[in-house]
Amino acid sequence: MRTPEPGRPPGRFAVTDPATGDTFDEAPDQQPDELDAVIGRAERAWHGWRADPAARTTALRAAADTVEAAGDDLARLLTREQGKPLAESHAEVARTAARLRYFAGLTPQTRRISDGRPVHSEIRWRSLGPVAAIVPWNFPLQLAAAKFAPALAAGNTVVLKPSPYTPLTTRLLGSLLTAVLPEDVLTVVTGREPLGARLAAHPGIRHVTFTGSVPTGRAVAGAAAGTLARVTLELGGNDAAVLLEDVAVDRIADRLFWAAFRNCGQVCMAVKRVYAPERLHAEVVDALAERAKSVAVGPGLDPATRLGPVNNAPQLARVEELTRRALADGARAAAGGHRLDTPGYFFAPTVLTDVPPDSPVVTGEQFGPVLPVLPYRTLDEAVTAANSTGFGLGGSVWGTDPDRAEAVADRLDCGTAWINHHAELSLHQPFTGTGNSGVGVAGGPWGLYGNLRPFVVHRPEAAQP
């Protein structure tokens, strides 16, 4: 039994508004021993849910309609607990509905195998059973839907656990969807650790899909290995943007800035390092620093805000420490470099120059509003540096010759490479990473089939005597 938070009733934990640093609500602190009953109900619900694909399609489309109808309530609550500007919360709600609608329209395809033998062979597809979806705090609705929409469409049931920093919007979403989904098909559980660890290790779970840090992802994989459950892990990113000699800095500066600083830099596939040719380095630093100094930072509910706070106190401390260490090692802040002197978890949008290439703010993942800009002499040097961190989620190349930029992008060791833009995804495409950035594939038909197993049936083509 976990120790209750001081001054709070047992079974509840505090939820903080990152724009103020104050508690504004609380959520159920469910105990790990409650999972047996939750997963047992999900197992029983699975048998009916998997049996009727047409009903699943209808229910998921109704779920998308329900999310859209509740958009204002979901968006405002999301901004309160996550911190992002209200316009971005509305966009996240819209993407949540879009994922439900997209996967409602996907159906696994039976495939016949013809190999010259007088045997009729078919590959059919079967669902797995209860799926555990463990979601981080940066996009709690969007990433939840990226997990539960394909799992439900495939005929599985889902136990969804949001981050304890952002449980409320997910609970509201779950309560809304109970009106259109059969009972126990989607269950939201909230709580502090070891709830997530127990969920990943539970013998009733057949697939664990997790988004979060590399150390936690390794722990999740280890826990799931005990039951031989399938795992899909979308872990950290340290995406590099490589600028070519022919790039027009003034034309790309806005796009590059927002590719790095959207959601206060708390995006797994945000630009987290920029490599610029020595000749253009100072111009790139100045252009990004100008935008960092002028962008409106404040509470997400303020219509004027473009950048909100860091989501939580531990992450703010990490961002502050990585910046402090870089400055101590000789880096210079062309903009920002410090916490803002205001309530809440605000850090000034920061552009760093003269950063040692082995600084943790370069080699690790800052996951906050801090961007190092590094010079390079040769393109080979830039590509080697871009591929040197052990992460491989995404990357981008920027220049006026798209063919040349694409040739450079083809050398990046990552799951997705963009030309002259960054971190834009389609519902139809796979999303994956290499190295420390994860295991498995999400998105598009690949996300659907990742929640299914093949089932092969052989029968003679001619009747047996």
Side-chain angles (χ1 to χ4, degrees), residues 14-27 67-97 136-143 162-163 165-173 253-267 270-271 288-320 323 333 335-351 366-371 423:
V15 182
T16 300
D17 182 341
T20 64
D22 297 329
T23 296
F24 79 98
D25 208 335
E26 57 186 25
V67 171
E68 288 175 337
D72 288 344
D73 291 340
L74 287 166
R76 289 189 69 83
L77 184 55
L78 178 57
T79 289
R80 279 300 296 279
E81 67 174 354
Q82 201 283 331
K84 65 185 61 179
L86 188 57
E88 293 186 22
S89 291
H90 277 287
E92 182 169 345
V93 172
R95 288 191 292 267
T96 300
W137 44 260
N138 58 331
F139 290 95
L141 294 185
Q142 180 177 331
L143 291 175
S163 164
Y165 292 113
T166 53
L168 300 175
T169 317
T170 308
R171 278 179 53 78
L172 176 57
L173 176 67
D254 280 339
R255 275 175 283 152
L256 184 59
F257 177 84
W258 287 110
F261 286 92
R262 184 171 68 91
N263 198 25
C264 204
Q266 299 165 129
V267 181
V271 169
L288 294 172
E290 177 185 352
R291 286 156 177 80
K293 291 173 182 177
S294 61
V295 68
V297 179
L301 292 177
D302 184 339
T305 292
R306 296 295 306 279
L307 282 184
V310 175
N311 173 257
N312 56 78
Q315 185 60 26
L316 177 64
R318 171 176 169 75
V319 170
E320 191 170 26
T323 304
H338 54 84
R339 288 185 63 163
L340 295 182
D341 186 16
T342 182
Y345 306 140
F346 290 96
F347 198 86
T350 297
V351 176
Q366 64 274 46
F367 215 68
V370 177
L371 181 64

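Between the side chain of Glu92 and the backbone N or O of Gln142 there is at least one donor-acceptor pair closer than 3.5 Å. Although no hydrogens or angles enter the test, the distance criterion places a donor-acceptor pair under 3.5 Å between the side chain of Lys84 and the main chain of Asn138.
Inter-residue side-chain proximity for Gln315 and Tyr165 is flagged as unmet; no heavy-atom pair is nearer than 4.5 Å. Counting heavy atoms from C-beta outward, Gln82 and Asn263 have side chains that approach closer than 4.5 Å. Counting heavy atoms from C-beta outward, Phe24 and Val15 have side chains that approach closer than 4.5 Å. By the 4.5 Å heavy-atom criterion applied to side chains, Gln266 and Trp137 are counted as neighbours. Here the side chains of Pro18 and Val310 are not in contact, with every heavy-atom distance at 4.5 Å or above. Contact of the Pro136 side chain with the Ser163 side chain is not registered, since no non-hydrogen atoms from C-beta on lie closer than 4.5 Å. Counting only heavy atoms from C-beta outward, the side chains of Leu307 and Trp258 approach each other to under 4.5 Å. Contact check for Leu301 versus Leu86: side-chain heavy atoms found under the 4.5 Å cut-off.
Here NE2 of His90 is found 5.0 Å from CG of Asp72. Values are rounded to the nearest 0.5 Å. Atom CG of Leu256 and atom CG of Leu371 lie 7.0 Å apart (nearest 0.5 Å). Here the straight-line distance linking atom CG of Leu143 with atom CZ of Arg95 works out to 9.5 Å at 0.5 Å rounding. Between the CD atom of Glu320 and the OH atom of Tyr345 there is a distance of 13.0 Å, given to the nearest 0.5 Å. One distance of note links OG of Ser89 with CZ of Arg80; it measures 12.0 Å at 0.5 Å rounding.
Contact between Leu340 and Ala348 at its shortest, heavy atoms only, is CD2-CB, 3.7 Å. Scanning both residues, Ala75 and Val93, for their nearest heavy atoms gives N-CG2, 4.0 Å. When every heavy atom of Thr350 is checked against every heavy atom of Gly337, the shortest pair comes out as OG1-N, 2.7 Å. Minimum interatomic distance between Thr166 and Pro140 (heavy atoms only, all atoms of both residues): OG1-CB, 3.7 Å. Closest of all the heavy-atom pairs between Pro167 and Pro162 is CA-CG, 3.9 Å. Here the closest non-hydrogen pair linking Ala27 and Leu168 is CB-CD2, 4.1 Å.
The side-chain hydrogen bond (donor to acceptor under 3.5 Å, both in side chains) contacts involving residues 289-314 comprise Asp254-Arg291, where partners must be two or more places apart or lie in separate chains.
Phe346 pairs by the ring pair (Phe, Tyr, Trp, His ring centres under 6.0 Å) definition with nothing, not counting sequence neighbours.
One side chain, Thr169 or Glu81, offers a donor N or O that lies under 3.5 Å from an acceptor on the other.
Of the candidates Val67, Thr96, Thr170, Thr79, Leu74 forms a side chain to side chain contact (heavy atoms under 4.5 Å, CB included) with just one, namely Val67.
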- Passes side chain to side chain contact (heavy atoms under 4.5 Å, CB included), Phe347 versus Val297? Steps please. CA-CA 9 Å; Phe347 198 86; Val297 179; over 6 Å; no
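At most 12 non-hydrogen atoms from other residues, nucleotides or ligands lie less than 6.0 angstrom from CZ of Arg76.
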